[in-house]
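The structure under discussion appears below in the form of structure tokens.
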Amino acid sequence: MPIDYKKELNPAQLDAVMHERGPALVIAGAGSGKTRALVFRVARLVESGVPASSILLLTFTRRAANEMLTRAKTLLKRERFGVMGGTFHSVANLVLKSHAGLVGYPHGFVIIDRTDSEAVLKLLADELDLIKKRRSFPKKAALADIISRSVNTEKPIEEVLFRFYPLHEPFLGEIETLASAYAGYKVRQRFMDFDDLLTNMIRLLGENPEVRGQLGQRFKHILVDEYQDVNRLQANIVKLLGADHGNVMVVGDDSQSIYSFRGADFRNILEFPEIFPEARVIKLEENFRSTQPILDAANAIIHGAQRGYTKCLFTVREGGERPYLAVLPDEAAQSRFVADQVAGLISEGLKLPEIAVLFRAGFHSFDLEVELNRRGVPYVKHGGVRFVEAAHIKDLLAHLRLLVNPGDLISWHRALLLVERVGPKTVRRVLHALGESPSLEGFFGFVEKEGGKTPGLLNLAKLLGKLSTEKFTVSEMVGLVKRYYEPMLKAKFENHPKRLGELEYVEDWTAKYAGLREFLDEVALDPLETSGNNGSGEFLTISTVHSAKGLEWRAVFVISLLEGRFPSIRSMDDPDDLEEERRLLYVASTRAKEKLFFSYPVWVFDRGSGRAFAEPSRFLMELPPESVHLLEQRGHEQMFAEKVQARRDARFPPGTRVVHDILGTGVVVEVVTDDKVRVRFHDGSLRLLHLGYANLEPA
DNA sequence: ATAGGGATATTTTTT
DNA sequence: ATATCCCTAT
């Protein structure tokens with residue numbers, strides 16, 4: 001029986017679903033059923049005779065793609081239907097696999113994740129002797145971020161430094177050298193990082209019209225979810241894929257762009273009609289998720305945004321309460337408050353899975369987690385440190401990677417350092433002995449010749465020998481590495497039982513993989529879901545705003561949403577910060593169903609001491625008072641002032657003029673060394689000054 | 001040369 | 001939680 005679209009959808013959704021050919025831009029406010037519209041559109045296309053295999057659905061997370069495809073299949077009552085769906089990265093991976101030679105990888109490639117690329121950068125920086133003795137050369141994480149930002153925004157490194165890393169501007173030359181060394185190294189090692197997947201896809205499509213033509217024939221309908229989160233590269237891919245037929249529908253909400261840190265630019269959604277001039281614009285403004293008071297607050301929040309497709313959310317849900325804004329003096333009070341409120345909601349009859357606590361960064365929940373544990377409240381945490389980034393998982397994977405790619409110096413480094421009586425010097429000697437093209441045989445030869453003194457190396461050689469010469473399933477390989485690694489794990493970590501359990505989990509999890517290579521590729525693109533739960537049965541959800549997509553609750557807490565933190569004390573005057581803050585709060589608020597609690601302070605950490613104190617947020621205070629219930633504000637600002645004074649007194653002798661007064665002046669200070677600070681003034685100028693004393697001299 | 005301890009710095013968010 | 005640096009003991 002065909003689907004009754006008219007009955008299932010409102011007029012705006014129906015419009016999007018029934019749209020025939022040509023480009024379309026669907027501007028969909030939060031909770032307006034955009035996912036539903038996309039799912040129904042996929043079903044509609046298939047039902048009206050479009051071959052499923054000619055539909056391509058692009059999303060940002062694999063989970064989103066799977067969910068949507070599953071829903072579409074359910075609608076169509078089919079087991080499978082061959083619609084291609086996935087992330088930009090996974091689709092690029094698939095396409096590039098069959099055309100690797102055309103982009104300079106004649107022997108194929110392996111995907112390296114962020115951690116690997118940081119390790120490569122460190123290796124190259126050491127090798128090129130860039131670090132020298134000068135202080136404050138950027139850490140590898142910063143280097144990776146700078147280079148990746150430059151690639152993703154298609155902006156020169158100089159501009160990225162000026163904009164985001166003024167502290168590292170003196171190293172412009174070194175970073176540029178490093179960036180080009182990195183690019184060369186990856187090609188030689190047959191590596192592609194996440195950014196390469198996108199740039200090489202663009203190169204492939206741009207330089208090879210015949211490949212683009214084939215793909216245009218293959219994918220006659222392109223649908224893109226969360227288009228506000230695409231960066232320049234991804235926008236380019238959409239443009240190239242749609243160039244031949246123009247059947248491109250993108251869906252998004254310019255107010256919900258939350259990935260600026262990885263180069264996402266909501267201007268791409270604003271500019272879509274320029275790339276596809278024929279584009280129809282369809283707006284979904286009817287919210288099905290939240291009550292009107294929540295939407296009033298959400299509307300008030302986005303009201304201040306400077307540019308965008310103006311929309312005003314309205315709802316079909318009656319009643320509901322205004323959101324609460326609780327101002328609390330410190331983090332412990334915040335945790336107690338949330339736990340108390342949760343207990344209250346439970347006694348009102350809500351179930352734990354109907355309640356969520358959202359926050360910006362994984363570590364914002366640490367204190368709350370302690371409180372929840374103390375009270376025996378079971379929770380599941382989404383976001384934060386990812387599974388594959390845990391040290392023991394990386395150790396395990398390093399050994400497996402050597403089997404797939406013996407040239408992987410990073411993995412050699414990691415695996416060798418674990419061996420008893422092997423340190424940096426020995427690692428260097430081994431790697432030197434392995435030469436230009438390292439191989440397992442080369443390593444075995446080295447061990448035979450020189451491994452007499454270190455039985456650990458012999459064991460490693462035995463393990464790798466066994467794994468490479470005999471036939472094993474992926475699970476069996478994991479098991480063998482696990483057995484070899486177990487003693488080291490016990491020596492290295494206090495909490496080894498938990499970690500060992502996680503290795504066993506990987507062992508089970510890999511049962512579904514036919515090949516090692518397949519497993520490693522997938523684990524790079526789709527790391528196992530983190531779930532730090534502490535019980536069984538029903539859970540409270542605690543999650544970063546970013547990881548919370550697609551979930552709905554009846555009560556939501558938003559904690560520590562705002563954050564100022566050393567070393568670059570973020571300025572609430574910075575328009576970008578305010579914009580980001582607005583978006584996060586908007587996203588959080590429109591995901592609430594009934595009750596919404598904001599509770600903050602902003603956490604400001606003092607270097608070294610770890611002491612934190614709270615700062616009232618100007619932005620939250622700007623919320624129209626009638627849009628929230630304000631709780632517990634008394635005493636807060638005074639407490640803050642006292643803490644600031646105490647910190648000053650502790651750090652500077654009496655009579656000292658303190659420069660880093662972030663409160664009234666809006667001046668931003670970044671500490672360079674113990675006695676030097678870099679100050680950014682209102683006009684944007686930067687100066688390096690000696691810290692703290694009355695005679696401020698340029699350093 | 002390496003191990004081990006302790007202090008220190010940094011850490012968002014995702015592919 | 002992890003990496004890094006600096007120290008001392010082996």
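What you are looking at is a predicted structure, and each value in this text was computed from that prediction instead of being measured. Quick note on labels: first sequence line is chain A, next is B, and so on, each numbered from 1.
Between the C1' atom of B:dT10 and the CG atom of A:Asp145 lies a distance of 13 Å, rounded to the nearest Å. One can place CG of A:Leu358 at 14 Å from C1' of B:dT12, the figure rounded to the nearest angstrom. To the nearest angstrom, P of B:dT14 lies 15 Å from CD of A:Glu118. B:dT13 atom P lies 14 Å from atom CZ of A:Arg149, rounded to whole Å. Atoms CD1 (A:Ile112) and P (B:dT14) sit 20 Å apart, rounded to a whole Å. Protein atom CG of A:Leu417 is 8 Å distant from nucleotide atom P of B:dA3, rounded to whole Å. As a whole-Å value, the separation of A:Leu416 CG from B:dA3 P is 12 Å. Distance CZ (A:Phe60) to P (B:dT14): 14 Å, rounded to an integer number of Å.
A:His89 and A:Phe194 have perpendicular rings, their planes meeting at more than 60° on a 0 to 90° scale where under 30° would count as parallel.
Put simply, A:Arg499 has a side-chain N or O that comes within less than 4.0 Å of OP1 or OP2 on C:dT2. Regarding contacts with the backbone of C:dT2, every side-chain N or O of A:Arg414 stays at 4.0 angstrom or more from both OP1 and OP2. The side chain of A:Lys394 places no N or O atom within less than 4.0 Å of a non-bridging phosphate oxygen (OP1 or OP2) of C:dA1.
Residues passing the ring pair (Phe, Tyr, Trp, His ring centres under 6.0 Å) test with A:Phe443, sequence neighbours excluded: A:Trp412. The ring pair (Phe, Tyr, Trp, His ring centres under 6.0 Å) search around A:Tyr484 returns A:His399, not counting sequence neighbours.
A ring-centre distance under 6.0 Å is not found for A:Phe359 and A:Phe557.
Between the side chain of A:Tyr105 and the backbone N or O of A:Lys97 there is no donor-acceptor pair closer than 3.5 Å.
Along DNA chain C, the nucleotide closest to A:Arg421 and the one closest to A:Lys492 are compared, and the more 5′ of them pairs with A:Lys492.
Among the protein residues, A:Arg429 comes within range of no part of the nucleic acid, since none of its heavy atoms lies under 4.0 Å from any strand.
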So which protein N/O to nucleotides 5-8 of chain C N/O distances come out below 3.5 Å?
none

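Partner A:Asn200 forms a side chain to side chain contact (heavy atoms under 4.5 Å, CB included) with one of A:Leu96, A:Leu205, A:Asp195, A:Asn93 and no other, that one being A:Leu96.
A donor-acceptor contact closer than 3.5 angstrom is absent between the side chains of A:Tyr227 and A:Asn268.
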